[in-house]
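Single-structure report; data block below.
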Amino acid sequence: MTLVLALMQMKKNKNKGQFSLKQAFPTFILYFILAAIISTIALHFGVGSSLFAFLKELSKFFIVMAMAAIGLKSNIIQLIKTGGKPILLGACCWAGITVVSLTLQHLLAIW
């Protein structure tokens, strides 16, 4: 999704000459892919999953910190002044993610 949006932005700003795919594409995605490859290969060759338990907890901590940073940076007054569209969009995203998550949990017999 990020790559598609970056390419769309590049096409939009083609005449301006100011777009750089390297700047638009977040490097954390590459690190995520690299971590997934390393863990998959390690598990395939018999490394115990308990070795990755610390990293799993660390990743949860980092995602909570990132979400908190986004929330703390939000300007509620500006959001209210902007109108209901951003709030409605957030509510729709929240509802959609909730429905998809609960449906998948039910289908996978997790919940």
- Residues in salt bridge (charged side-chain N to carboxylate O under 4.0 Å, His left out) contact with Lys85, at least two apart in sequence or another chain: none
- salt bridge (charged side-chain N to carboxylate O under 4.0 Å, His left out) pairs, two or more places apart, involving residues 48-70: Glu57-Lys60
Distance-only check: which donor-acceptor pairs under 3.5 Å involve side-chain atoms of residues 28-53, not counting sequence neighbours?
residue: Ser39; atom: OG; partner: Ala35; partner atom: O; Å: 3.1
residue: Ser39; atom: OG; partner: Ala36; partner atom: O; Å: 3.1
residue: Thr40; atom: OG1; partner: Ala36; partner atom: O; Å: 2.7

- Message: Could you measure the distance from the CE atom of Met65 to the CG atom of Leu72? Nearest 0.5 Å is fine.
- Response: 9.5 Å
- Message: Just to verify, what does Ile77 make a side-chain contact (heavy atoms from CB on, under 4.5 Å) with, not counting sequence neighbours?
- Response: Asn75, Lys81
- Message: Side-chain heavy atoms under 4.5 Å apart, restricted to Ile/Leu/Val/Met/Phe/Trp/Tyr: what other residues fall into the cluster of Leu108, or is it alone?
- Response: Ile110
- Query: Does any non-hydrogen side-chain atom of Leu88 lie less than 4.5 Å from one of Cys92?
  - Reply: yes
For residues 93-107, dump all side-chain donor-acceptor pairs below 3.5 Å to protein atoms at least two apart in sequence or in another chain.
residue: Thr98; atom: OG1; partner: Trp94; partner atom: O; Å: 2.7
residue: Ser101; atom: OG; partner: Gln105; partner atom: NE2; Å: 3.0
residue: Thr103; atom: OG1; partner: Val99; partner atom: O; Å: 2.7

